[in-house]
Amino acid sequence: MRHDLPTPNDIFEELADKTAVQIDRFAPVAFDKALLEMLRYHRFLLALNASKTPTGAAFNYAELTGDGWNAPHHHWIRQYRRLFDRAMDRLPEDDHFITALSYAPEQLLPRPGDQELPPNIVRGVLGLATIMIHRMEAWVTRRRALGISDQIGAGRRLVDHDARTYETAMQEIVGAWEQVLQRVPTIYGWKQGRDAAESWSAFRASWPFLQQHLANTAHCLAAAVWNEDETASVLYRESLLRWSKAFSFLFDDTTDLRWHRLLLPGVLQLDWPEASAKAMKLGYDYMPPAAPDQIFSSILGSACRDVVLLTAALLLFWTIEKKQVGDGSARNAWALLNGEEREDDEDSLGGQLAFRTLFLDVLRLDLAGESFREGTYAAELDGIVHSIDNMTERSVVPGRLFTPSTIRDRSDLLRSFAIMLGAIAPDDGDDGFVAHIAELARDEQVLPQGDRSLRSLVDHLGRFSSLLETSREQFARGLALLAPDRDAEAVAGRLGRVADAAKAAIEKQRLERLKARPVAPHKLEIIRSAIQAALLNEPPEVHFFRKVKVGRGSAGDGADLRDIAMSGIPKAQLTDPPMAATPTRLEESFVTHSRRRAGDFSWDEFRLRPRTPIVIESAPDVESFWRRIEPLVVQVADEPILVLSQAAEAVPLRKLMRAGHADRPPLKIERRQVEGSGGTYVGTVEGVDIFAARFAPGTAWLFSGRALRRIGYTPVGSGDRCVTVDFEQATETNGILHVRIRPHFEWSAVPIFELTFPSTPAVRPTA
């Protein structure tokens with residue numbers, strides 16, 4: 001086999017070299033031919049590697065890394081970067097090169113008859129736009145620096161010429177990017193006259209493309225703002241604001257869902273019957289079923305608002321956190337939030353920006369879901385925030401460590417949202433916001449995650465109020481950027497009261513539901529079964545006793561009914577669905593407590609058994625004590641145990657254990673691994689295991705560790721259940737969990753000795 005044949009990567013790189021040469025030669029016609037040949041070969045490679053997964057999903061072998069550092073597709077995309085650099089260097093003479101390259105993403109997309117590209121390949125193709133904007137901004141920064149260094153003569157005129165040429169090129173570049181969006185209906189087969197299921201399937205398939213295009217549009221805007229490029233900032237801002245209107249001529253957007261903000265892109269993961277049913281819950285009672293295009297249009301519009309709001313908050317964040325000198329980012333954030341391209345309706349971010357509308361849009365971002373949940377819409381939003389802010393990362397000097405400045409997710413933008421709301425907060429009232437939240441909280445079924453969504457809103461509003469209390473100085477500094485005439489102290493207080501009122505409205509509705517909702521029987525059964533299994537199958541947690549057998553008892557044992565009462569149990573954890581955060585394994589804490597209390601019952605029973613009193617003249621830290629009890633130890637027989645006072649006798653015994661051999665009495669003293677619980681193991685003397693517990697000074701019990709032979713759990717109530725579990729309501733929100741058992745204890749006939757001896761004074765700390 002010959003190894004000197006060129007690989008596809010080699011051929012593609014050679015084609016990129018030929019295209020770059022034509023830019024260097026300033027040969028537009030030859031450049032067009034070379035670029036076309038390069039794009040055709042790129043499309044050929046994508047088609048050659050196209051395949052399908054066993055489930056029928058699109059797959060491309062160019063995604064696989066193979067034996068290189070990067071997947072082939074990444075290598076091909078990387079070749080365009082140097083073309084962008086060379087084309088920008090030629091911009092003052094001719095903008096043809098860079099504008100021609102701006103159409104590369106559109107040229108690489110599949111055409112009718114081509115196989116579908118998988119999402120990873122689509123992301124790479126659309127990523128050419130973000131690569132291009134960063135190369136362009138690098139050029140702008142360099143040219144601006146040249147102009148600043150030479151304020152007279154040709155240098156100044158060159159900058160003016162650059163600005164005009166750049167603006168002309170930028171308009172076509174943004175137009176080419178928007179033209180990519182127009183290819184979506186053709187690529188994914190949005191055809192009129194299809195049945196609802198087929199139409200919905202086509203819309204679902206196109207969502208990853210649309211989501212990535214929207215995210216990249218925001219990225220391009222942020223890159224322009226970060227580099228203080230006003231020309232690109234204005235054009236990309238307009239492009240982002242009108243993004244959701246790109247397909248308005250195709251969709252019937254007359255459907256007005258009552259809770260349209262709750263229609264999240266996650267519904268696109270459902271088949272049409274499920275998606276339609278979910279959308280119907282969000283509509284009015286009198287509405288007919290919504291068509292697929294109506295639902296999809298609502299999703300696109302809301303997704304665009306989400307990204308606009310996040311981008312604006314992030315730009316404002318750059319200014320208030322002093323990541324950028326000057327207030328350019330804040331001005332662009334405010335312009336984006338009040339974009340004139342949006343239609344002037346009550347749910348638009350443009351026109352007359354309403355406090356209620358903006359606050360509800362902010363809360364929608366929280367309802368999108370938890371951060372770091374891979375594959376969810378929430379994760380996509382967090383990814384946009386992290387990716388955009390990543391361009392502000394400080395340079396790292398080799399050998400030094402810096403704390404990263406990049407924010408992680410939406411929650412880091414809370415201060416920006418508070419400042420935006422403060423800039424438009426009404427002087428009186430709340431613009432109907434609290435009433436809207438109260439109405440929303442009445443029906444948890446419409447929320448993405450039911451009561452869990454309401455708990456998330458309560459937490460979000462709580463953090464919002466707390467931030468306003470603890471960050472007044474930062475809030476005032478940010479508010480001065482957007483609304484310098486407003487009293488920051490008064491606005492912060494008003495916003496805090498609105499958030500607290502909304503939080504109280506939600507909690508009121510949740511409390512009413514909690515009081516009316518019964519405890520779920522199946523949850524009590526889960527707890528009961530877990531406790532019964534632990535009591536019957538696991539070693540018992542009995543005090544001091546060892547090798548105790550457990551099992552079922554018989555009804556004739558005459559065992560007393562024991563009640564293990566656990567108070568302060570949140571009822572919300574036991575409802576279905578739960579109305580409070582529930583541990584992953586709710587039953588574990590109940591099982592642990594029940595086993596411990598069952599062990600206490602055995603000790604309580606043991607304390608009632610007859611004991612033989614013995615008076616001894618010496619204390620346990622004296623040799624004569626042990627000589628005196630030798631015959632008693634023989635009567636106790638198996639595994640003798642001595643339990644004495646923790647506060648008194650345990651102290652000198654521990655000193656005895658630590659003493660050197662020369663200072664010890666002639667006793668066999670050792671420390672070993674022992675079984676049993678209920679006290680603190682002190683040591684072993686003459687084969688007797690010593691434990692310290694809450695005993696009266698001068699008193700000890702000597703008994704066998706095998707005194708308790710077996711615990712039998714007899715049936716409780718009807719059937720063969722050895723455990724019952726009931727919940728007793730105590731307050732509006734909490735209750736008592738009653739675990740009832742009938743343990744029967746089988747004891748050996750060995751004696752129990754109660755020893756009395758001179759008390760050892762308790763050791764007290766000196767002053």
How many angstroms lie between CG in Leu235 and CD in Glu172, if you round to the nearest 0.5 Å? 12.5 Å

What I want to check is whether the side chains of [X] and [Y] have a donor and an acceptor closer together than 3.5 Å.
| X | Y | answer |
| --- | --- | --- |
| Ser302 | Arg305 | yes |
| Tyr377 | Asp306 | yes |
| Thr217 | Trp177 | yes |
| Arg477 | Gln474 | no |
| Asn9 | Trp76 | yes |
| His219 | Tyr236 | no |
| His96 | Asp32 | yes |

Is it the case that the side chain of [X] and the backbone of [Y] share a donor-acceptor pair, with hydrogens and angles ignored and the cut-off at 3.5 Å?
| X | Y | result |
| --- | --- | --- |
| Asp389 | Val385 | no |
| Arg261 | Arg364 | no |
| Ser298 | Gln294 | no |
| Glu13 | Asp10 | no |

Chi angles and distances behind the side chain to side chain contact (heavy atoms under 4.5 Å, CB included) call for Arg43, Asp114: CA-CA 10 Å; Arg43 293 185 70 252; Asp114 291 350; 2.6 Å; yes

Applying side-chain contact (heavy atoms from CB on, under 4.5 Å), can you list everything that pairs with Ile11, at least two apart in sequence or on another chain?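 Result, side-chain contact (heavy atoms from CB on, under 4.5 Å) vs Ile11: Pro6, Leu15, Tyr41.
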
Contacts of Leu210 that satisfy side-chain contact (heavy atoms from CB on, under 4.5 Å) - sequence neighbours left out: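 Only Leu181, Val184, Trp190, Ser206, Trp207, Trp243, Phe247, Phe296, Leu300 meet the side-chain contact (heavy atoms from CB on, under 4.5 Å) criterion with Leu210.
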
Identified ring-ring contact (aromatic ring centres under 6.0 Å, His included) counterpart of Phe203 within the set Tyr188, Phe209, Phe251: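 Among Tyr188, Phe209, Phe251, the one that satisfies the ring-ring contact (aromatic ring centres under 6.0 Å, His included) with Phe203 is Phe251.
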
Begin with the C-alpha distance, continue with both residues' side-chain angles, and end with the deciding distance and a verdict on side-chain hydrogen bond (donor to acceptor under 3.5 Å, both in side chains) for Tyr166 and Asp229. CA-CA 11 Å; Tyr166 180 71; Asp229 182 354; 2.5 Å; yes

Applying side chain to side chain contact (heavy atoms under 4.5 Å, CB included) to Phe475 and Val491, what does each step give before you reach the verdict? CA-CA 10 Å; Phe475 177 82; Val491 170; 3.9 Å; yes

Output all residues satisfying ring pair (Phe, Tyr, Trp, His ring centres under 6.0 Å) with Tyr103, sequence neighbours left out; order by chain, then residue number.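 Here no residue qualifies.
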
Classify the angle between the aromatic ring planes of Phe359 and Phe355 as parallel (below 30°), tilted (30 to 60°) or perpendicular (above 60°). perpendicular

Evaluate side-chain hydrogen bond (donor to acceptor under 3.5 Å, both in side chains) for Glu178 paired with Ser239, printing each intermediate quantity in order. CA-CA 7 Å; Glu178 292 179 341; Ser239 181; 3.0 Å; yes

Glu473, CD atom: more than 12 neighbouring heavy atoms under 6.0 Å: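 No, because the 6.0 Å sphere around CD of Glu473 holds 12 heavy atoms or fewer from other groups.
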
Please report the shortest heavy-atom distance between Arg86 and Asp24, naming the atom on each side.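 Nearest pair, atom of Arg86 first, then Asp24: NE-OD2, 3.1 Å.
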
Do the side chains of Glu321 and Arg415 get close enough for a salt bridge, i.e. N-O under 4.0 angstrom?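 Salt bridge flag = yes for Arg415 with Glu321.
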
